[in-house]
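Report on the following structure.
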2 protein chains.
Amino acid sequence: MNQETDGIRQNGGRGRDLDAFDRKLLSLLVEDATRSYVELGEQIGLSAPAVHERVKRLKRTGAIRQTAALLNPIAIHKTLLAFVHVDTHGWGKSPELLAISKYPEVEEMHSVAGDTCMLLKVRTKDSRALEGLLARIYDVPGVIKTRSYVVLSTHMERPVQADITTEWPAPRQAARPPR
Amino acid sequence: MNQETDGIRQNGGRGRDLDAFDRKLLSLLVEDATRSYVELGEQIGLSAPAVHERVKRLKRTGAIRQTAALLNPIAIHKTLLAFVHVDTHGWGKSPELLAISKYPEVEEMHSVAGDTCMLLKVRTKDSRALEGLLARIYDVPGVIKTRSYVVLSTHMERPVQADITTEWPAPRQAARPPR
DNA sequence: ATATTGACCGAATCGTATTCAGCCACAAGC
DNA sequence: GCTTGTGGCTGAATACGATTCGGTCAATAT
């Protein structure tokens, strides 16, 4: 096997993958990007300049897209969160529909598989504003209908996590049908 | 009327509301939280210590929840994004279901109104991992069924924006019914 | 064996965050 | 009307952390 290359090489040639240090670093920075480099270094066992170098690389290579302040929606009076499914006539990715993302109330816009074409995450001041936004969506040519899921309470909401579950526990009940 | 109180003071005593400076500050910090206080000050027309004081207050009052590094999902090998609607038997907010949020693949968990009880945003390495997570969800007592919307492409995804659309344009077609 | 490369460390430098001592405008009280 | 207290601002001074630098080491390539 390759027990020789395993464990030995931390970082190979070009565009190499993240090692354990990078992973931990990303985890820490997602949690709190204001930590000092010395503190980060203590957590993962590296010196401050080494951490600095790695963070710089993670930004350069695009693993870290941006570092942002995450706001409390209530503080800025956006108390209504909703997911809006948009069904369109034909191929839905029209420029007009994409232009909807200009509104600061729209936080996400995805093309999805399933019985709908586009999925929006929108956060507004109140139901009145949601209505205004929906009106704009219906203005887009080709939009057939929308289905909105209004959030009653958010139990958890966080940015992309660096960690990955490597081993999924087996289901408790019966074995699920394969495929 | 109350034209005297309007415009003068929005929120008297405790936890007063954000002013225009705070708004701009939040906008800038959501976009890029690494800017220096002098640069922020230049943008909004304040000195660095004034900015510092305001940012400190925004954090203390909770308007800024955290400042986080936002990661590129591809870089950390989470290429599959899906929204999972979970229907449950009876009142769905069981501890077991909430415990699902422990997996780092789960980014959001909301109770929603509509024909479903819980809505999850999950990001996994591949469809195999999504299956593993769904298996765990089905293990939760009371879960009747799930419906997954797999994202084909993400056109836009960003954190909570400080800006608010104040004036919604009138719909182009017919006037929508009042109320 | 030797040269090259990449990553690390400790020390030094530099820039920015943070503190501090006034200053000013406004609101409430005399 | 005048005074006092409060909150928020400024410029200057200080302190801390980011960034740079020279040198070392290990692994790979020559």
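Keep in mind the model is a prediction, meaning the values are calculated, not measured. Chain letters run A, B, ... following the sequence lines, proteins first, then strands; residues in each count from 1.
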Nearest to side-chain heavy atoms of A:S36, which nucleotide of C:dA17, C:dT19, D:dG17: D:dG17

Rounded distance (Å) that lies between atom C1' of C:dA17 and atom CD of B:E53: 13 Å

Rounded distance in Å - CG (A:D17) to P (C:dG6): 18 Å

B:L40 CG to C:dT16 C1', straight-line distance once rounded to whole Å: 12 Å

Ring centers of B:H85, A:H85 separated by less than 6.0 Å: yes

Aromatic contact, A:H110 with B:Y149 (centres under 6.0 Å): no

Residue B:P49, side-chain atoms from C-beta onward, closest of C:dT19, C:dC9, D:dT19: C:dT19

pair A:H155-A:S153: side-chain heavy atoms closer than 4.5 Å: yes

Rounded distance in Å - CZ (B:R35) to C1' (C:dA17): 17 Å

B:R35 and B:E42 ion-paired at < 4.0 Å: no

Selected nucleotide, minimal atom distance to B:R54 side chain, candidates D:dG11, D:dG8, C:dT18: D:dG8

Closest to the A:S47 side chain, choosing from C:dT16, C:dC9, D:dG17: C:dC9

side-chain N/O B:H52 vs C:dA17 OP1/OP2, d < 4.0 Å: no

Spacing between A:K56 atom NZ and C:dC8 atom P, to the nearest angstrom: 12 Å

Between D:dT10 (P) and B:Y37 (OH): distance, integer Å: 15 Å

Candidates D:dT10, C:dC9, D:dG8 - which lies nearest the side chain of B:R57: D:dG8

Euclidean distance, atom CG of residue B:D19 to atom P of D:dG8 [Å, nearest integer]: 9 Å

Side-chain ion pair, B:E108 and A:K121, N-O less than 4.0 Å: yes

Rounded interatomic separation in angstrom, taking CD from A:E39 and C1' from D:dC16: 14 Å

